[in-house]
Amino acid sequence: MDCLFCKIISGEIPSKKVYEDEKVYAFYDIKPMAPVHVLIIPKNHLSSINDVNEDNSAVISHVYEVAAKLAKELGIAESGYRVVSNCGSDAGQTVFHLHFHLLGGQKLKVEMC
Ligand code: 5GP
Ligand code: ZN
């Protein structure tokens with residue numbers, strides 16, 4: 001499959017890894033929008049939240065466990081952070097491999113849209 005993030009998981013395309021286990025991979029966003037901007041992605045290819053169902057949703061709770069762990073390690077757990085997943089064109093999704101942005105390290109804009 002011609003998927004950028006699948007190629008990042010396999011190492012075909014280099015990335016700055018933050019964390020990896022059997023279910024997820026986390027790496028720094030190439031164009032950070034905040035001092036801390038990490039992408040957390042399931043290793044199994046899902047295109048977006050639209051692909052989440054009762055058979056595969058366990059990985060989503062794992063993503064949030066990893067987000068909490070990385071927020072502590074990266075020093076933003078106390079100051080605060082945002083976890084965002086854009087789904088589809090109205091949300092501005094540009095890479096169609098499900099991913100969660102972990103953003104923090106500064107006061108984030110209150111506006112959500
Ligand atoms: P989206 O806009 O789909 O929610 O987020 C995609 C994110 O992937 C963007 O923040 C973009 O900067 C990031 N991105 C795109 N290509 C690459 C890449 O090759 N390497 C890394 N590390 N991030 C990328
Ligand atoms: Zn993929």
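Excluded from the calculations below are hydrogen atoms, water molecules and symmetry mates; all remaining heavy atoms, backbone and side chain alike, are included. We count ligands from 1, going down the list as the structure has it; atoms in each ligand are counted the same way. Residues take their numbers from the sequence shown, with the count starting at 1.
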Quiz item: Should we say atom CG of Asn44 is surrounded by more than 12 heavy atoms from elsewhere, each under 6.0 Å from it?
Solution: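 Result for CG/Asn44: open.
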Quiz item: Which atom names give the shortest non-hydrogen contact between Val38 and Ala26, and what distance separates them?
Solution: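 Closest approach of Val38 to Ala26, heavy atoms only: CG1-CB, 4.0 Å.
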Practice problem: Work out which heavy atom in Val83 is nearest to a heavy atom in Ala67; give both atom names and the distance. | Solution: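 Looking at all heavy atoms of both residues, the shortest contact is CG2-CB, 4.2 Å.
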Quiz item: Does the distance from a Lys or Arg side-chain N to an Asp or Glu carboxylate O, for Glu65 and Lys69, drop under 4.0 Å?
Solution: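 No, this pair does not count.
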Practice problem: Indicate yes or no: does Lys72 engage Glu78 in a salt bridge with an N to O separation below 4.0 Å. | Solution: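 Salt bridge: no.
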Practice problem: Any pair with a residue in residues 80-96 that passes side chain to side chain donor-acceptor pair (under 3.5 Å), sequence neighbours left out, goes on the list, sorted by first then second residue, please. | Solution: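 As it turns out, there is no side chain to side chain donor-acceptor pair (under 3.5 Å) pair with a partner in residues 80-96 once direct neighbours are skipped.
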Please list every donor-acceptor pair under 3.5 Å in which a side-chain atom of residues 4-16 meets a protein atom from a residue at least two apart or in another chain.
unit_1, atom_1, unit_2, atom_2, d
Lys7, NZ, Asp2, OD1, 2.6
Ser10, OG, Lys7, O, 3.1
Ser10, OG, Glu12, N, 3.4
Ser15, OG, Tyr25, OH, 2.8

Quiz item: Protein N, O or S atoms at less than 2.8 Å from the Zn ion (ligand 2), how many?
Solution: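 N, O or S atoms of the protein closer than 2.8 Å: 4.
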Quiz item: Name the residues with a heavy atom less than 4.0 Å from ligand 1?
Solution: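 Within 4.0 Å of ligand 1, the protein residues are Leu4, Phe5, Ile8, Phe27, Tyr28, Asp29, Ile30, Lys31, Leu39, Asn86, Gly92, Gln93, Thr94, Val95, His99, His101.
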Quiz item: So among Val52, Val59, Ile41, Val63, which one has a side chain to side chain contact (heavy atoms under 4.5 Å, CB included) with Leu98?
Solution: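 Output: one option passes, namely Val52.
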Quiz item: Ring centroid separation for His99 and His101, is it under 6.0 angstrom?
Solution: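 For His99 and His101, the ring centres are under 6.0 Å apart.
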